[in-house]
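Note that the coordinates shown come from a computational prediction; the quantities given were computed from them, not determined experimentally.
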Amino acid sequence: QAAVVVQHQLLVVGAAREAVRAASLDPDPGAGPQAGARVVPRARVAVSRGEVGEPVRVTVISVEPTNVPVVGPLVPSVTLRAEAVMRAER
């Protein structure tokens, strides 16, 4: 289960990077969340974008359920989070 959580954390980081890249290049407010959702479909993607030249901040949050037999119900789900920042290009 730990390996699955680590793998999913890497995907969440990748989703944040993809989302901030898309949001920094495209002024459409849906560009960042759509890019992040392509990497981790169940994740919540929040984008904060200012004017050109200002920082674009993306936060991706995903909940990884624990599916270990017998112990799974006793161990709470793991919340994974990643943030990325990039300057708005357009």
E83 atom CD: more than 12 heavy-atom contacts under 6.0 Å: yes
What's the spacing between E64 CD and S77 OG if we round to 0.5 Å? 8.0 Å
With no hydrogens and no angle check, is any side-chain donor or acceptor of R49 less than 3.5 Å from a backbone partner on A23? yes
Which heavy atom of A35 sits nearest a heavy atom of A19, and at what distance? CB-CA, 4.0 Å
Do V4 and L10 sit in the same hydrophobic cluster, where Ile, Leu, Val, Met, Phe, Trp and Tyr count as joined when their side-chain heavy atoms come under 4.5 Å apart? no
Given V20, which of L25, V58, T59 fulfils the side-chain contact (heavy atoms from CB on, under 4.5 Å) condition? V58
Is E54 reaching over with its side chain to a backbone N or O of E51, donor-acceptor style, under 3.5 angstrom? yes
Closest non-hydrogen atom pair between R42 and V63, with its separation: NH2-O, 4.0 Å
Least distance between heavy atoms, V40 atom then A15 atom: CG2-CB, 4.0 Å
Where is the tightest heavy-atom contact between V45 and A37, given as atom of each residue plus distance? CG2-N, 4.4 Å
Can you measure from CZ (R17) to CE (M86) and round to the nearest 0.5 angstrom? 9.5 Å
Rounded to the nearest 0.5 angstrom, the CG-CD distance for L80 and Q9 is 5.0 Å
A84 versus A16, closest heavy-atom pair with distance: CB-O, 3.7 Å
Can you name the closest pair of heavy atoms from P33 and V47 and give their distance? CD-CG2, 3.7 Å
